[in-house]
Amino acid sequence: MPGGAAAAAAHRAHTGRSHRSRAWAELLRLPALFSVPGDALAGTAATGAPANSRTLLAIASSLCLYEAGMALNDWADRHIDAVERPHRPLPSGRIRPAAALTAAGALTGAGLALAARAGRPALAVAAPLAATVWAYDLGLKHTPAGPLAMGTARGLDLLLGAAATTGSTRPALPSAALLGTHTLAVTTVSRQEAQGGSPLPPLVALATTALLTRLVTRHSAGVTGGRRQGAGHEVTRGRRQATVHSPAGPQAIRHPAQDSGALLNTALGAAYAATTARPYFHATLNPSPPLTQRAVGSGIRATIPLQAALTARSRGTATALLIAALAPLGARFAKKVSVT
């Protein structure tokens, strides 16, 4: 009957749209997007400045450039995926290669435009970030320079937040180096996730995680709130810290906010280590494709607590909690769409 035919046609159209949406979600690895905003926020926190509208533009730019890299990655690897991962959107025919390449170009243009709106310093970081993303996907990915390029891209993404918010990247360089090192380790492991391989990459990644956890949770008595300690006093969020004298010499009275910030930083550092330790260890014992893929997925998710720990280290307590809240959301969506 006409009514039944119309309902069936509407159902088929809805199903087709649902399948296309699913395919694009897989191509763009949407759950991995939860690991992106923390880059700009950690970069902003490292400068000691509050987030502003330019920070939001930097986050939007980062999201676009990240997704451009995802689409371009699958376009560049479509022939390899046809053999190793035929279920991916391009080799399975669910998305046309030309559509993926067009999306990569459009997202790159949008990311650069958003960075330009945030100011020249932000564009000066976003341009090499975009160039690094395209160079990685089109040429460097399968070379020894691939992991370094990916680590550089993540570090630049953090610097983008600092540049957009304050116009300066220098205070954020240490945080960028730590985040970039984590990404380098994860990328090195990911190079053998399709076919498995040596236990050395996950073992090195495990050792790197331990080192980064130690560095990010090491509290420097000379840096709080983005300002360095003077000869006989310490400034914390604009308040002068009192000093008392004891037989052992002068001792600073810690402000309660410092203690809570230090505790949060330690907890987030522990969460970062816990997210990756077991998967890396299992991949070391058995570097099979399933366990290696699980280790890579954990490494990507661990980016969020690492960003939060870096932010807490810079005394951005509220922002660190906001970043940390993205972790369970990312894990929830990763159960529906793979991040690798």
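Atoms considered below: every heavy atom in the structure, side chains included; atoms not considered: hydrogens, waters and symmetry mates. Source: prediction; values computed, not measured.
Taking each heavy atom of Gly269 and Thr213 in turn, the nearest pair found is O-CG2, 3.6 Å. Between Val216 and Arg313, the closest heavy-atom pair is O-CD, 3.4 Å. Between Ala324 and Leu268, the closest heavy-atom pair is CB-CD2, 3.9 Å. In this structure, Ala58 and Leu160 approach most closely via the heavy-atom pair O-CD2, 3.8 Å. Between Ala163 and Thr169 the shortest heavy-atom distance is CB-CG2, 3.7 Å. The minimum heavy-atom distance between Thr187 and Ser190, with the atom names listed, is O-OG, 2.7 Å.
Leu57 and Val125 are members of different hydrophobic clusters when ILVMFWY side chains are connected at heavy-atom separations under 4.5 Å. Under a hydrophobic-cluster definition in which Ile, Leu, Val, Met, Phe, Trp and Tyr are linked whenever side-chain heavy atoms come within less than 4.5 Å, directly or via other members, Leu27 and Leu33 are assigned to the same cluster. Under a hydrophobic-cluster definition in which Ile, Leu, Val, Met, Phe, Trp and Tyr are linked whenever side-chain heavy atoms come within less than 4.5 Å, directly or via other members, Leu211 and Leu178 are assigned to the same cluster. Tyr66 and Phe34 fall within a single hydrophobic cluster, where Ile, Leu, Val, Met, Phe, Trp and Tyr are joined by side-chain heavy atoms under 4.5 Å apart, directly or via other members. Leu148 and Ile300 fall into different hydrophobic clusters, where Ile, Leu, Val, Met, Phe, Trp and Tyr side chains are chained together by heavy-atom contacts under 4.5 Å.
Two residues are said to be in side-chain contact when any heavy atoms from C-beta on lie closer than 4.5 Å; Thr188 and Val204 fail this criterion. By the 4.5 Å heavy-atom criterion applied to side chains, His142 and Ile80 are counted as neighbours. Considering only heavy atoms from C-beta on, Thr208 comes within 4.5 Å of Thr181 through its side chain. With a 4.5 Å cut-off on side-chain heavy atoms, Arg294 and Leu291 count as touching. At a threshold of 4.5 Å between non-hydrogen side-chain atoms, the residues Arg154 and Ser35 count as touching. By the 4.5 Å heavy-atom criterion applied to side chains, Gln307 and Pro37 are not counted as neighbours. Within the 4.5 Å cutoff, side-chain heavy atoms of Glu67 are placed close to those of Leu30.
Under the rule for a side-chain hydrogen bond (donor to acceptor under 3.5 Å, both in side chains), Tyr136 has no partner lying at least two apart in sequence or in another chain. For Asp74, the side-chain hydrogen bond (donor to acceptor under 3.5 Å, both in side chains) partners are Arg29, Arg88, not counting sequence neighbours. In terms of the side-chain hydrogen bond (donor to acceptor under 3.5 Å, both in side chains) criterion, residue partners of Asp157 (sequence neighbours excluded) are, by chain and number, Ser62. Asp77 is linked by a salt bridge (charged side-chain N to carboxylate O under 4.0 Å, His left out) to Lys141, counting only residues two or more places apart in sequence or in another chain. With sequence neighbours left out, the salt bridge (charged side-chain N to carboxylate O under 4.0 Å, His left out) criterion links Arg278 to no other residue. Arg301 pairs by the salt bridge (charged side-chain N to carboxylate O under 4.0 Å, His left out) definition with nothing, not counting sequence neighbours.
Between the Gln192 side chain and the Thr292 main chain, no donor and acceptor come within less than 3.5 Å of each other. Side chain of His182 to main chain of Gly299: a donor-acceptor pair is present (N/O by atom type, distance under 3.5 Å, no hydrogens or angles). In terms of modelled atom types and a separation under 3.5 Å, the side chain of Thr166 and the main chain of Ala162 share a donor-acceptor contact. Within the 3.5 Å criterion, the main-chain N or O of Pro86 finds no donor-acceptor partner in the side chain of Asp81. Here the side chain of Arg78 pairs a donor or acceptor atom with the backbone of Trp75 at under 3.5 angstrom. A donor-acceptor pair is defined here as one N or O able to donate and one able to accept, closer than 3.5 Å; no such pair exists between the side chain of Ser314 and the backbone of Gly316. With hydrogens and angles disregarded, no donor-acceptor distance shorter than 3.5 Å links the side chain of Ser175 to the backbone of Gly43. Arg191 places a side-chain N or O within donor-acceptor distance of the main-chain N or O of Thr143, the cut-off being under 3.5 Å.
Taken from CG in Leu65 to CG in Leu107, the straight-line distance is 8.5 Å, to the nearest 0.5 Å. If you take CG on Leu285 and NE2 on His282, they are separated by 7.0 Å, rounding to the nearest 0.5 Å. Separation of atoms OH (Tyr272) and OG1 (Thr303) is listed at 8.0 Å; rounding is to 0.5 Å. Between atom OG of residue Ser61 and atom CG of residue Leu56 there is a gap of 12.5 Å, rounded to the nearest 0.5 Å. One distance of note links CD1 of Ile95 with CG of Leu28; it measures 7.0 Å at 0.5 Å rounding. Here the CG atom belonging to Asn265 is positioned 7.5 Å from the CZ atom belonging to Arg315, to the nearest 0.5 angstrom.
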side-chain contact (heavy atoms from CB on, under 4.5 Å), that's the test. Do Leu264 and Leu321 meet it? Break it down for me. CA-CA 9 Å; Leu264 178 61; Leu321 291 172; 3.8 Å; yes
Would you check, one step at a time, whether the test side-chain contact (heavy atoms from CB on, under 4.5 Å) holds for Arg120 with Leu123? CA-CA 5 Å; Arg120 290 184 178 180; Leu123 182 59; 5.6 Å; no
Val296 and Val186: CA distance, side-chain angles, deciding distance, side-chain contact (heavy atoms from CB on, under 4.5 Å) verdict: CA-CA 6 Å; Val296 173; Val186 176; 4.3 Å; yes
Between Val36 and Ile59, is the side-chain contact (heavy atoms from CB on, under 4.5 Å) condition met? List the steps. CA-CA 7 Å; Val36 177; Ile59 292 174; 5.8 Å; no
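In this structure, a donor-acceptor pair under 3.5 Å is present between the side chains of Arg94 and Ser92. Side chains of Thr55 and Thr165: a donor-acceptor N/O pair is present below 3.5 angstrom, by distance only.
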